[in-house]
Amino acid sequence: MTPNVEHLLRTEAPQVLGALVRRFGRFDIAEDAVQEALLVASRVWPTDGVPENPRTWLIRIGYRRMVDLLRTDQARRRRERHAGMSELAMRDPTRQAGPALETDDSLTLLLLCCHPALSPTSQAALTLRAVGGLTTAEIAHAHGTTENTMGARISRAKKQLARAGARFTPPTDADRDSRMNAVMQVLYLIFNEGYTASTGDALTRVDLTREAIRLTRMLRDSLPDDPEVTGLLALMLLTESRRAARTDGDELVPLDEQDRTRWDPELIREGTELIDSVWRRREVGAYQLQAAIAAVHAAATAPDRTDWPQIAALYLGLERLSPTAPVRLSRVVAVAHAYGPARGLALLDDLNRGYHLNEEPLTRQRERAIRAHLLEMTGDTAGAAALYREAAALTHNQVEQRYLQRRAHRLG
């Protein structure tokens, strides 16, 4: 499958899913129908060409499969009381699949996936699958679990939505507010998976970062006065501004070695203005703090002009709000840059004793890479080389893997 076809399918999938759920009212079955339509398209389009209206084509295929799935499902439930939208859709000839509606269902689909009947983890997993288009393996990596476990979790989430009678309708203001934290977490995870891909021969997946930014812009348009939504968008823009400088050919370039003239000034300007617009408000949230950290990096014209003490202080505040393993590990890096590698190593040892960052699925690879870098700074080249190799063995991203192996080889 060509990259253009793959990108088109990823873009259209949420819209096709939204159209089927709106017509039939069954998210659990619609998601399966969409996946089958995408599979058909991935086989047909590369040889026959992309149809003039790919969304309508996908909806037509998905509609047919949806009817088949519903008939099978209703045969099993014949003795149950199960009437409503799905049955009407099959019996009413006026409800046959027609041209695709010119509407963007992504935000409503996001809020549906973040239904209160689901746990926060299930909300994130289902949204990453249905709206973000991530594979089950990628979602599992983002959550630090196995593919089989995540596949079962997604399946349970779809069944829970069906039991809860979730419908594809715009939520009320109160309902929207209750789901917003889950929605922001999902968008954050989609962006992170795109910014550093969990697998493959490319460091980034631009399709995912762009989609996360697009959806977050849409979210902010709906909630312009929400400081955390603004902070999340600012964080994404400021982080994305460095993407072009993160690689040289197919090699990774660490932050302190990047050519800062390749950073995107327009994204930096927009992101900085956004975080400045909400920073002075009374309550500061986790996304605002992360955006503030990114803005400090963006303001530095050279690595040695970075205000690392300020970044370390911001990370301490972030850790109090969001005491997660990745945040704690990031504070280690900031402390080491601000006050020296010995202080960083001491903090890392202390955090490992209390929180086992070296064993956490989300941080065990990065913990070794960071410790290796700090040991290298102290002159322990043998210890650093061994840990770089350990870190390389724990990542499935080939660009990152080559970078770590190269660091180890250089040290001997």
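Residues take their numbers from the sequence shown, with the count starting at 1. On a predicted model such as this, the values are computed, not experimentally measured, just so you know.
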Mind listing the side-chain donor-acceptor pairs of residues 343-356 below 3.5 Å, one per line with the distance, residues two or more places apart or on another chain?
{"unit_1": "D349", "atom_1": "OD1", "unit_2": "R371", "atom_2": "NH1", "d": "3.0"}
{"unit_1": "D349", "atom_1": "OD1", "unit_2": "R371", "atom_2": "NH2", "d": "2.9"}
{"unit_1": "N352", "atom_1": "OD1", "unit_2": "L357", "atom_2": "N", "d": "3.1"}
{"unit_1": "N352", "atom_1": "OD1", "unit_2": "N358", "atom_2": "N", "d": "3.1"}
{"unit_1": "N352", "atom_1": "ND2", "unit_2": "E367", "atom_2": "OE2", "d": "3.0"}
{"unit_1": "H356", "atom_1": "ND1", "unit_2": "N352", "atom_2": "O", "d": "3.4"}

Checking ring pair (Phe, Tyr, Trp, His ring centres under 6.0 Å) for the pair H297/W308: CA distance, chi angles, key distance, verdict?
CA-CA 9 Å; H297 281 298; W308 282 108; 5.1 Å; yes
Check the pair D380 / T378 against side chain to side chain donor-acceptor pair (under 3.5 Å), numbers first and verdict last.
CA-CA 6 Å; D380 184 357; T378 64; 5.7 Å; no
Under a 3.5 Å cutoff, is there a donor and acceptor pairing between the side chains of T395 and N397?
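Note: T395 and N397 side chains miss the donor-acceptor criterion.
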Flag for R153-S119: side-chain donor and acceptor within less than 3.5 Å:
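Result is no, nothing qualifies.
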Are any non-hydrogen side-chain atoms of [X] and [Y] less than 4.5 angstrom apart?
X: L126; Y: L161; answer: yes
X: R71; Y: V67; answer: yes
X: T239; Y: R242; answer: yes
X: P54; Y: L8; answer: yes
X: L404; Y: Q365; answer: yes
X: P303; Y: L255; answer: no

Can you name the residues that form a salt bridge (charged side-chain N to carboxylate O under 4.0 Å, His left out) with [X], not counting sequence neighbours?
X: R156; answer: none
X: R243; answer: E240
X: D32; answer: K158
X: E228; answer: none

Under a 3.5 Å distance rule, please check whether [X] uses its side chain to pair with a backbone N or O of [Y] as donor and acceptor.
X: T272; Y: R269; answer: no
X: T127; Y: A124; answer: no
X: R260; Y: A300; answer: yes
X: T146; Y: T149; answer: yes
X: S42; Y: L39; answer: yes
X: D201; Y: Q398; answer: no
X: E36; Y: R65; answer: no
X: E270; Y: L237; answer: no

Residue list, ring pair (Phe, Tyr, Trp, His ring centres under 6.0 Å) with W45, at least two apart or on another chain:
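Residues passing ring pair (Phe, Tyr, Trp, His ring centres under 6.0 Å) with W45: W57.
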Qualifying residues under ring pair (Phe, Tyr, Trp, His ring centres under 6.0 Å), relative to F191, sequence neighbours excluded
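With sequence neighbours excluded, F191 shows a ring pair (Phe, Tyr, Trp, His ring centres under 6.0 Å) to Y195, given in chain and number order.
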R129 and Q35: CA distance, side-chain angles, deciding distance, side chain to side chain donor-acceptor pair (under 3.5 Å) verdict
CA-CA 10 Å; R129 185 77 179 92; Q35 291 306 313; 3.2 Å; yes
Using side chain to side chain contact (heavy atoms under 4.5 Å, CB included), reason through L110 and L187 one step at a time and then give a plain yes or no.
CA-CA 9 Å; L110 269 171; L187 295 175; 4.0 Å; yes
Under the side chain to side chain donor-acceptor pair (under 3.5 Å) test, which residues partner E359, sequence neighbours left out?
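Once residues adjacent in sequence are excluded, E359 has no partner under the side chain to side chain donor-acceptor pair (under 3.5 Å) criterion.
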Only pairs at least two apart or in different chains count here, so list each salt bridge (Lys or Arg N to Asp or Glu O under 4.0 Å) that has a residue in residues 391-404.
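Residue pairs passing salt bridge (Lys or Arg N to Asp or Glu O under 4.0 Å), neighbours aside: D250-R402, E251-R402.
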Write out all pairs satisfying salt bridge (Lys or Arg N to Asp or Glu O under 4.0 Å) with one or both partners inside residues 293-311, taking only residues at least two apart or from two chains.
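Matches after skipping sequence neighbours: none remain.
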Name each donor-acceptor pair under 3.5 Å that joins a side chain in residues 315-323 to protein atoms two or more places apart or in another chain, with its distance.
{"unit_1": "E319", "atom_1": "OE1", "unit_2": "R331", "atom_2": "NE", "d": "2.4"}
{"unit_1": "E319", "atom_1": "OE1", "unit_2": "R331", "atom_2": "NH2", "d": "3.2"}
{"unit_1": "E319", "atom_1": "OE2", "unit_2": "R328", "atom_2": "NE", "d": "3.3"}

Closest contact, heavy atoms only, [X] versus [Y]:
X: L387; Y: R368; value: CB-O, 3.8 Å
X: A369; Y: Y388; value: O-CE2, 4.0 Å
X: Y188; Y: L235; value: CE1-CD2, 3.6 Å
X: G151; Y: T136; value: N-CG2, 3.5 Å
X: A157; Y: S122; value: CB-CB, 4.0 Å

Using 4.0 Å as the upper bound for N to carboxylate O, is an ion pair formed by E390 and R364?
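Salt bridge absent between R364 and E390.
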From [X] [atom1] over to [Y] [atom2], what is the distance, rounded to the nearest 0.5 angstrom?
X: I370; Y: S330; atom1: CD1; atom2: OG; result: 6.5 Å
X: L58; Y: R55; atom1: CG; atom2: CZ; result: 9.5 Å
X: L215; Y: M184; atom1: CG; atom2: CE; result: 14.0 Å
X: L233; Y: M236; atom1: CG; atom2: CE; result: 7.5 Å
X: L17; Y: I59; atom1: CG; atom2: CD1; result: 10.5 Å

Reference residue Y403; test side-chain contact (heavy atoms from CB on, under 4.5 Å); the match among Q405, R406, Q401
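Exactly one candidate clears the test, R406.
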Side chain to side chain donor-acceptor pair (under 3.5 Å) for R246 and T204? Distances and angles first, verdict last.
CA-CA 9 Å; R246 293 179 71 216; T204 61; 5.7 Å; no
R280: which residues meet the side-chain contact (heavy atoms from CB on, under 4.5 Å) condition with it, sequence neighbours left out?
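R280 satisfies side-chain contact (heavy atoms from CB on, under 4.5 Å) with no residue once adjacent residues are dropped.
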Step-by-step side chain to side chain donor-acceptor pair (under 3.5 Å) determination, E376 to T381:
CA-CA 5 Å; E376 182 181 356; T381 55; over 6 Å; no
Is the number of heavy atoms from other residues, nucleotides or ligands within 6.0 Å of CD (E283) greater than 12?
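12 or below, so no.
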